[in-house]
Amino acid sequence: MTEIAHAHAPSYYATSAEDRPVRPALAGTIQADVAIVGGGFTGLNAAITLAEAGRSVVLIEQNRIGWGASGRNGGQLHSGQRRDQAYLEKQYGLDTARRLWTFAEEAKALLHDRVQRFGIDCDWTEGLIHAAHKERFVAEEWDYAEKLARDYGYDAVTPLDRAQLTTAIGTKRYYGGVRDGGAGHLHPLKLAQGLADAAEAAGVVLHEATRAVSLRHEGGRVLVGSGQGEIDAGSVLLAGNGYLAGLDRDSEARVMPINNYILTTEPLSREAADHLIPGREAVSDSRFVVYYWRLTRDLRLLFGGGETYRRGFPPDLRAFVRSHLSNVYPQLATAPVSHAWGGTLGVTTSRMPCLRRTAPGVYVAAGFSGHGVAMAGFCGHAAACAMLGDDERFDVFEKLSPPKFPGGRAFRWPILVLAMSWFALRDRLW
C-alpha cells in the first residue's frame, strides 16, 4: 500500500508557498453528486466547474492538495497541445487540429480567468522562449511561427536569431528560437492552493490524507472506498495522472509514470539575473528529453532536466540536475543550490491527454505529458462539462485517446526505457 505523505516534497515551491493545515481525512460514508480522486489541477478545476453549476462534490487526495505534479512542475504555461499543429493536422485532420488549438487557447483563458476571478497570487510572468539546440531546428521554429500566424491567427510568436537568443537567455549553447508572448510561467503550488480555496468557497468538500483503494458500482451509483470511508456518488472523475495505480488498470496501461527533476539556486544578484534572462521569460529547448528553466520571483534560477524511468529518485538529486544545468550555464556549475526535488508525471504514447469513460459514471483525465499547467486544468473542466451534459470537448479528446503502451503492463516499462534512452542519445548526437 502506498504510504500517505502529510507534507509536500522539499521543493522551493513548498518553502515559498503558504503552509496550510492538513484537511481532515475522509471518515464514514458521504454522498455526493460527484466524487473526484486527485487534488491537482485536473481535479480542482473539475470541482470548481461542477460546484459552480450547483453539483455537490467531494474531492479526495491521498497526500496534500498539489502534492503531485501540479505542485512540483516547472511552472511553464505553453500555447497549443504537447504536439504541434503540423503534427496534429497530419495525424488527425485539419478540422480536429483546429479544434485542439482552440481548446488550448481556451485552456490558457480558463487559467487566467480563475487566477483573476479568485485573486490567486501565483507569480504569473508573461513570455516563454523556445530555444533550438541544433542549428537545423531554427528554420523549423521560424516556419512554425509563420504557420501559427497564417493558419491560426496567432501572432504572439516572434523569431529570435542566435545573437538575439544569446542576449535573451545568457548562454551561447543555442542557435536561435522563438518567443511566445501569449505563454509564460507561474508558481504552480500557489496556483493549486488558490484553486483549492476557490473550490471550498464554492461548496466543494476536500479531504486530504485519503487514498482511494476501490471503485464499485451499486444501484446505479459509484462507490469510492478509501479504507477509512466511502463516497457514494453519481459520477466519479479519476484525476490522478501519474498516480492512477490500481484504480483503473486499462487507463494505467495508457498513462506511464516517469520521473523528472528540478533544482533552484540560491537567489542571484539582480545583475546576474539580468545577464541570464533580462526579460524574465521562461525557457524550454528542443531536446526530446527537454531542458526547461526560468527565474523565480526572488531571482533564483529554477532549472529542470533529466528523467528516469525506474522506481525511486537518484540518490543525489542536486548532482543529477546540476550535471544538466552545467550543459547550459557552465558558469553556474558551482552555484549554491537551495532546493532539489523530483516528481512523477504521466506520459502517453501519443503525448496527447488520455480522456476516457471507462464504466458508467466513471471518467478519467490523465496523461498530460509535461504540458499540464494549461491542459490538466482544462481537461478537468472538460470532464466536468461532460458530466453536466456538454460533451463537446471531452468527446474530441476521447476519440483521440492514446493506445496502450506496447508490451502490456508487464513490459511497457523496459520498452519505454529503451525508447527514451534512444531519444536522449539522439538529442546528443543528431
Does Arg117 come within less than 4.0 Å of Glu52, counting only side-chain N to carboxylate O? yes
Would you mind checking if Arg254 and Asp250 are paired as a salt bridge, meaning a charged N to carboxylate O distance below 4.0 Å? yes
- Decide if the gap between the ring center of Trp341 and the ring center of Phe313 is smaller than 6.0 angstrom. no
task: Using a strict cut-off of less than 4.0 Å between a Lys/Arg side-chain nitrogen and an Asp/Glu carboxylate oxygen, indicate whether Glu266 and Arg300 qualify as a salt bridge.
output: yes
Tyr363 six-ring centre to Arg356 NZ/CZ under 6.0 Å and within 45° of normal
no
Rounded to the nearest 0.5 angstrom, the CG-CG distance for Leu301 and Leu325 is 6.0 Å
| field | Salt bridge flag under 4.0 Å for residues Arg83 and Glu89 | value | no
Distance col, row Arg211:CZ vs Leu247:CG, nearest 0.5 angstrom, shows 7.5 Å
Lys108 bridged to Glu106 by N-O distance under 4.0 Å:
no
His185 and Trp124: aromatic ring centres closer than 6.0 Å? no
Check your understanding: Is the shortest distance from a Lys or Arg side-chain nitrogen in Arg249 or Glu252 to a carboxylate oxygen in the other one below 4.0 Å?
Key -> no
Checking Thr265, Thr264, Leu317 against His339 for side chain to side chain contact (heavy atoms under 4.5 Å, CB included), the one that qualifies is Thr264
*Charged N to carboxylate O under 4.0 angstrom, Lys90 versus Asp84?*
no
Carboxylate-amine/guanidinium contact Asp274 Arg280, below 4.0 Å: yes
Problem set entry | Phe41 ring center within less than 6.0 Å of Phe378 ring center | no
Take Tyr292 and Phe303 through the test ring-ring contact (aromatic ring centres under 6.0 Å, His included) and record every step on the way to the result. CA-CA 6 Å; Tyr292 52 93; Phe303 184 92; 7.4 Å; no
Give a yes or no on whether a salt bridge exists between Arg357 and Asp395, defined as a side-chain N under 4.0 angstrom from a carboxylate O. yes
query: Is the number of heavy atoms from other residues, nucleotides or ligands within 6.0 Å of CZ (Arg270) greater than 12?
result: no
| Do Tyr13 and His187 make the cut of ring centroids closer than 6.0 angstrom? | yes
Inset, instruction - Indicate the ring-plane relationship of Trp293 and Tyr174, choosing parallel, tilted or perpendicular according to the 30° and 60° boundaries. - result: tilted
Under-4.0 Å salt bridge between Asp123 and Lys190: yes
Determine whether the side chains of Tyr291 and His324 contain a donor N or O and an acceptor N or O closer than 3.5 Å. yes
For the residue pair Asn45 / Arg114, report whether a side-chain donor-acceptor contact shorter than 3.5 Å exists.
yes
Aromatic ring pairing His78/His371, orientation class (parallel under 30°, perpendicular over 60°, tilted between): tilted
> Is Arg318 salt-bridged to Asp316, cutoff N-O under 4.0 Å?
Replying inline: no
